Protein chains: 2
Amino acid sequence: MKSKLSTIDIEPVSHQTMADIVELKLLAFLKKNAFKPGDALPKEMELAEALGVSRNILREALSRLRVLGMVDSKKRRGMVLTSPDILGSLEKVMDPLIIDESTLQDFFELRLTLEMGLADILFIRKTKKDIAELEQIALAEKVRDKNDVAFRIKSEVEFHGKIYRMTGNHTMQRFQTMLLPIFGHLVTVEKKPAVAKVTHLDLVNLLKTGTIEEFRKGMRDHLGPHFKRILK
Amino acid sequence: MKSKLSTIDIEPVSHQTMADIVELKLLAFLKKNAFKPGDALPKEMELAEALGVSRNILREALSRLRVLGMVDSKKRRGMVLTSPDILGSLEKVMDPLIIDESTLQDFFELRLTLEMGLADILFIRKTKKDIAELEQIALAEKVRDKNDVAFRIKSEVEFHGKIYRMTGNHTMQRFQTMLLPIFGHLVTVEKKPAVAKVTHLDLVNLLKTGTIEEFRKGMRDHLGPHFKRILK
DNA sequence: TTTGTTAATTATGTACTACATAAGTATATT
DNA sequence: AATATACTTATGTAGTACATAATTAACAAA
């Protein structure tokens, strides 16, 4: 016999383990006491005792802070708070196969949004040297067979990667690199060849002699096939 | 006596612990065997034995995957791979006080870039209802004293938050919420009152009757004071 | 004073054992 | 067939023991 609700919309009881609690308590402790990078943390035994848990559990919690890049430790020297590697943990998780479809779609849109917003910073930071290098990448594409899929993807990555590098924003650059597998995953799934109206070379010329608005319009057209995706 | 180099540019030797290695091995194992969310992982003892480490160490590594939202486990039932909460780990780390200045600046620019790129998706997804709600927020600002800093920040957050919500992109929305403390940190540090040429109400009107380009131009002017920051 | 050697100290890293606990599984009972 | 009971199992937690690297202290030699 069927239940009234096909899918019961109720949250399962949360099974908070000691490690979960200790993790939160440690984060709160660090925040409350305004710990800064370089500051030494209390010893494991002191923390364990203060928290009323075994050293084992404490270390499981500390291990989580380690993967977040928040604490570093060496033998005898003890533990210190470190400036976390923000994107480091993201990179470990960025596997299209285990991320749910909805989130993948979100990140796809996030990438398009970034690409459209880049123009402003790009025009502030662009240099003749960078533009010349970008042009080289765009020119290199023409000498190869357009049906060589692997090469096309490679040069696509190279071109847009260069644009991100031109912003001088290292975080943004890493973010883009991180998003690549997702982008690749979604694009390879669909069959469309996705021919862009505006080529890379067109974009280079807009960057050289056009205005911000013109460049952005070009980028919008270049990404046209991708934007069509989200019009579902 | 002073050394030749004020700061010695050399990387310290990496101290890879067993937990570090096991963490990487687990990630590789999951990837190689194409584990998908819902799949059951081998038992702790089996993994520990296969890896040649104690259950302790294995659990420290597993604890890291847990904080990344990649594995969940219950007693007797065993462990299962879960679809990771991508931004969850980011949120734990997003503390302006422990993130280095350079990264903070990067995220600040990232936020501006997103804001400038939002226009396209916004015009695709906007609804009369959302615009009306956005207008309410903008109108509510006028009745209050402009010198009430707390209120000004609150309404600023509310307005831009609503814009992100209007994209229907939940990840982007969370991302923005996450970036708020950073934004607040950098803005409160500087003394400038930061008066924008284009008000929130202007933006609402552009969203109602203007074109994408006009809206984006308005947003650019609205963010003018912030863009001046990055012209350093 | 500086340099080099040795020994003691200490906090983290790793292993192992033991038991608690929740959640299935099988068995017995009505 | 339904219910109650005992058994089994994999994770959760605690505790002990020892290895190891890094620091300090003490001391000796140049």
Side-chain angles (χ1 to χ4, degrees), chain A residues 1 3 8 10-26 29-30 35 37-82, chain B residues 1-4 8 10-26 29-30 35 37-82:
Chain A
M1 186 177 161
S3 154
I8 303 170
I10 186 168
E11 284 228 354
V13 286
S14 69
H15 292 287
Q16 277 220 123
T17 66
M18 281 297 156
D20 293 330
I21 296 169
V22 170
E23 177 205 329
L24 294 176
K25 290 221 176 199
L26 283 178
F29 170 75
L30 295 175
F35 272 75
D39 290 351
L41 270 69
K43 300 162 209 164
E44 288 185 354
M45 280 312 295
E46 291 174 8
L47 285 173
E49 207 161 334
L51 289 160
V53 296
S54 71
R55 195 170 154 233
N56 245 338
I57 295 300
L58 174 74
R59 281 183 61 84
E60 284 190 19
L62 284 172
S63 193
R64 300 185 184 187
L65 301 197
R66 273 190 251 279
V67 81
L68 297 178
M70 285 185 69
V71 303
D72 191 27
S73 53
K74 290 210 191 75
K75 286 183 177 162
R76 160 88 205 210
R77 185 181 158 190
M79 297 181 288
V80 292
L81 189 72
T82 58
Chain B
M1 185 176 159
K2 231 181 175 178
S3 155
K4 247 183 188 167
I8 303 170
I10 187 169
E11 283 228 352
V13 288
S14 69
H15 296 284
Q16 277 221 123
T17 65
M18 281 296 154
D20 293 329
I21 297 169
V22 169
E23 177 205 329
L24 294 176
K25 290 222 177 198
L26 284 177
F29 170 76
L30 295 175
F35 273 75
D39 289 352
L41 271 69
K43 301 161 209 166
E44 287 185 354
M45 280 312 294
E46 290 175 6
L47 285 172
E49 208 161 335
L51 289 159
V53 296
S54 72
R55 195 170 152 231
N56 244 337
I57 296 300
L58 174 74
R59 282 182 61 83
E60 284 190 19
L62 284 172
S63 193
R64 300 184 183 187
L65 301 197
R66 273 190 252 278
V67 81
L68 297 177
M70 285 184 69
V71 304
D72 190 28
S73 53
K74 290 212 191 75
K75 286 184 177 160
R76 160 87 203 205
R77 184 183 158 189
M79 297 180 289
V80 293
L81 189 71
T82 58

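All values reported here derive from a predicted model rather than from experimental measurement. Just so we're on the same page: letters track the sequence lines, and every chain starts at 1.
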Apply the test side chain to side chain contact (heavy atoms under 4.5 Å, CB included) to residues A/T17 and A/I57: give CA-CA distance (whole Å), side-chain angles for both, the deciding distance (0.1 Å), then the verdict.
CA-CA 9 Å; A/T17 66; A/I57 295 300; over 6 Å; no
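The OG1 atom of A/T82 sits 7.5 Å away from the CE atom of A/M70 when rounded to the nearest 0.5 Å.
What separates CD of A/E23 from C1' of D/dG12 is a distance of 16 Å, to the nearest Å. Between the CG atom of B/D72 and the P atom of D/dA10 there is a distance of 18 Å, rounded to whole Å. Distance B/Q16 CD to D/dT20 P: 18 Å, rounded to the nearest Å. Between A/N56 atom CG and C/dA15 atom C1' the separation is 10 Å, expressed in whole Å. If you take CD of B/E46 and P of D/dA10, they are 8 Å apart, rounded to a whole angstrom. B/L58 places its CG atom 13 Å from the C1' atom of C/dT14, with the value rounded to the nearest Å.
For A/S63 (side chain) and B/R64 (main-chain N/O), no donor-acceptor pair under 3.5 Å exists by modelled atom type.
At least one side-chain heavy atom of A/R66 sits under 4.5 Å from a side-chain heavy atom of A/L62. Looking only at side-chain heavy atoms (C-beta outward), B/L47 and B/L26 come within less than 4.5 Å of each other. Proximity of B/E44 to B/M79: side-chain heavy atoms (C-beta onward) are separated by under 4.5 Å at one or more points. Looking at A/V53 and A/I21, their side chains never come closer than 4.5 Å, going by heavy atoms from C-beta outward. Two residues are said to be in side-chain contact when any heavy atoms from C-beta on lie closer than 4.5 Å; B/L30 and B/D39 fail this criterion.
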Could I get a table of every N or O pair under 3.5 Å where one atom is in the protein and the other is in nucleotides 4-7 of chain D?
none

Reading nucleotides 6-13 of chain C 5' to 3', which nucleotides get B (base under 4.0 Å from a protein heavy atom), which S (sugar-phosphate only), which -?
---BBBBB
